[in-house]
Amino acid sequence: MRVMVNGVEIELVRGDITAESSDAIVNAANSALAGGGGVDHAIHRAGGDAIMRECARFGGCPTGSAVITTGGELKARYVIHTVGPIYVDGQRGEPQLLASAYASSLRLALDNGIKTISFPSISTGVYGYPIGFAARIALETVFDFVMANKGLRSVRFVLFSERDLAVYSKALERLAKGG
Ligand code: ADP
């Protein structure tokens with residue numbers, strides 16, 4: 001599924017983000033930037049050691065922020081590592097922190113001349129964020145960002161399962177209708 005917002009293509013696909021050929025892919029990292037499971041593991045495995053060497057220089061990344069490294073051996077030139085919140089009950093700033101993780105990644109992309117960027121579904125794996133809520137926040141944040149900022153050409157969400165893709169598709173349909 002694909003929509004245009006202020007001249008920017010926003011697209012949902014099912015797939016493995018490590019295979020993306022966008023300028024940057026986003027990693028759902030932890031605040032130590034130490035590597036981990038899930039998509040983080042897949043990105044470091046596919047991109048090679050250069051990514052971890054650059055991560056180590058930052059000495060971590062607070063929840064809701066982002067840092068940028070080489071894409072190493074990936075097709076993508078850059079990896080933007082962002083740290084989403086661990087979901088507790090939704091009352092501990094999780095929505096704001098999740099929105100901030102997306103917005104910080106998009107800002108960093110613009111600042112580095114990146115035109116095309118691919119996101120995974122941040123925080124909805126081990127960090128436990130309910131995907132229906134997370135999808136809405138993710139898409140709303142991207143809509144708001146591209147309405148306010150020129151420079152990006154395409155923002156893709158690369159969802160790992162058909163179910164995740166279905167949830168994001170429903171959220172995007174609602175949002176595109178203004179709901
Ligand atoms: P978090 O700790 O932020 O929850 P996870 O890596 O545990 O991060 O999960 C985030 C999402 O990434 C989950 O929906 C998971 O299914 C998905 N995922 C895992 N591997 C990949 C991959 N190679 N490409 C795209 N998405 C992936």
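Every number for a ligand or one of its atoms is a count from 1 in the order of the listing. Both backbone and side-chain heavy atoms feed into the values below; hydrogens, waters and symmetry mates do not. Just so it is clear, the model here is predicted, and its values are computed rather than measured.
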Going by atom type alone, with no hydrogens or angles, which donor-acceptor pairs under 3.5 Å involve a side-chain atom of residues 44-55 and a protein atom two or more places apart or on another chain?
from	atom 1	to	atom 2	distance (Å)
His44	NE2	Asp40	OD1	3.3
Glu54	OE1	Thr70	N	3.0

Mark yes or no for whether [X], through its side chain, and [Y], through its backbone, hold a donor-acceptor pair below 3.5 Å.
X      : Y      : answer
Asn30  : Ala34  : yes
Tyr102 : Ile137 : no
Ser105 : Ala101 : yes

Non-hydrogen atoms of Phe157 and Ala138 that approach each other most closely: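 Answer, listing the atom of Phe157 first, then Ala138: CE2-CB, 3.8 Å.
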Every residue of the protein that comes under 4.0 Å of ligand 1, judged on heavy atoms: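 Residues Gly15, Asp16, Ile17, Ala28, Gly38, Val39, Ala42, Ser121, Ser123, Thr124, Gly125, Val126, Tyr127, Val158, Phe160, Asp164 each place a heavy atom under 4.0 Å from ligand 1, listed by chain and number.
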CA sep, side-chain torsions, deciding dist, call: Ile131, Tyr168, side chain to side chain contact (heavy atoms under 4.5 Å, CB included): CA-CA 8 Å; Ile131 191 164; Tyr168 270 74; 3.9 Å; yes
